[in-house]
Amino acid sequence: TKFSHVIIRRPGKSLSNGITSAPELGQPIYERAIEEHYDYEHALEQCGVDVTVLPALEQYPDSCFVEDPAVITRCGAIITNPGADSRNGEKDEIEPVVRRFFDDEHVKHIVSPGTLDGGDVMMVGDHFYVGRSARTNEEGIRQFIEILEGWGLEGSEVPLEEVLHLKTGVNYIENNNMLVSGEFIDKPDFAQYNKIVVPEEEAYGANCIWVNDTVIVAEGYPTVLKAVQDLGYKTLVVDTSEYRKVDGGLSCLSLRF
Ligand code: CIR
């Protein structure tokens, strides 16, 4: 795997009204969120990818989390049908952007009653693990796997019990290495990988991204950072604490392909 493109979208002031499971963390502060977003952009640039920056969409508070309305594979793109009502319209905003990179034949859709959020999809080579969550349903997964198989790729379902999205708790950083936390530590689906177990108090830090042999790690998760460095990766650290307040992290903030 090597990525050449990344798509990100600036947060809007409405980010403070994003969906959250952790209101006790307070609302994101726009000025800080923008600063963090610039830092994220610059980290990506250091990984040798071409970064497309989209403008904020105030009508969709969670729209900076571009990972959810689309999944991009090496064979084509899938526009999802996001499972949260307030986010569903984001699919129509991302589609024209995705079409800059793929022709008609290579853009497919998840359609109702199927729902799916890209945050529930984890790519491991040509295999895609798909979390069945509050956002992603059985029919969405069925359609998704059917599209993958049409391209010679494959997928499998992973039922979720605790976390919002699959990648909230498990992330693949290539070379057979997988960061696992909470409910994913003992899941048989991931037994074959070299698992890096993330301690409970650093669970948020499990959401790292691999971008061309550099792993970007969230700031403030020293055990995760050291474990990734000990595996021999180059690392970059980015503060995503404003996004954490609305359940967002490093992977949600970009589409990488
Ligand atoms: C949401 O609840 O949809 C947003 N507040 C956070 C989305 C995070 N996205 C992701 O994990 N892929």
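Counting starts at 1 for both ligands and their atoms, in listed order.
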Taking heavy atoms and a distance under 4.0 Å, where does Asp117 meet ligand 1: side chain, backbone, both or neither? neither

Considering the heavy atoms of Arg135, write down every atom of ligand 1 situated less than 4.0 Å from one of them. 1 (C), 2 (O), 3 (O)

Protein residue, atom and distance nearest to atom 10 (C) of ligand 1, heavy-atom basis: Cys252 SG, 2.8 Å

What are the atoms of ligand 1, with element, lying closer than 4.0 Å to any heavy atom of Arg87? 1 (C), 3 (O), 4 (C), 7 (C)

Answer yes or no: does atom CD of Glu200 have more than 12 heavy-atom neighbours from other residues, nucleotides or ligands under 6.0 Å? no

Test log, rule salt bridge (Lys or Arg N to Asp or Glu O under 4.0 Å), inputs Lys108 and Glu146: CA-CA 11 Å; Lys108 305 284 186 190; Glu146 188 172 274; over 6 Å; no

Please indicate whether any nitrogen or oxygen in Gly248 is less than 3.5 Å from any nitrogen or oxygen in ligand 1. no

Report the relative orientation of the aromatic rings in Tyr204 and Tyr221; use parallel for angles under 30°, tilted for 30 to 60°, perpendicular for over 60°. tilted

Can you list the ligand 1 atoms lying under 4.0 Å from a non-hydrogen atom of Gly119? 12 (N)

What atoms of ligand 1 come within less than 4.0 Å of a heavy atom belonging to Val246? 4 (C), 5 (N), 6 (C)

Considering only the protein, which heavy-atom contact is closest to atom 4 (C) of ligand 1, and what is its distance? Asp62 OD1, 3.2 Å

The answer for which part of Ile19 has a heavy atom under 4.0 Å from ligand 1 is both

Does Arg32 CZ have over 12 foreign heavy atoms under 6.0 Å away? no

Stepwise salt bridge (Lys or Arg N to Asp or Glu O under 4.0 Å) check, Glu138 with Arg142: CA-CA 6 Å; Glu138 186 180 11; Arg142 191 197 63 74; over 6 Å; no

Do any nitrogen or oxygen atoms of Thr168 come within less than 3.5 Å of a nitrogen or oxygen of ligand 1? no

Does Thr20 reach ligand 1 with a nitrogen or oxygen that is under 3.5 Å from one of the ligand's nitrogen or oxygen atoms? no

Should Lys167 and Glu67 count as an ion pair when the cut-off is N to O under 4.0 Å? yes

Indicate whether any N or O donor in one side chain lies under 3.5 Å from an N or O acceptor in the other, for Ser14 and Glu58. yes

Against ligand 1, does Asp68 come closer than 4.0 Å with any heavy atom? yes

Using 30° and 60° as the class limits, which term best fits the ring planes of Phe190 and Phe184: parallel, tilted or perpendicular? tilted

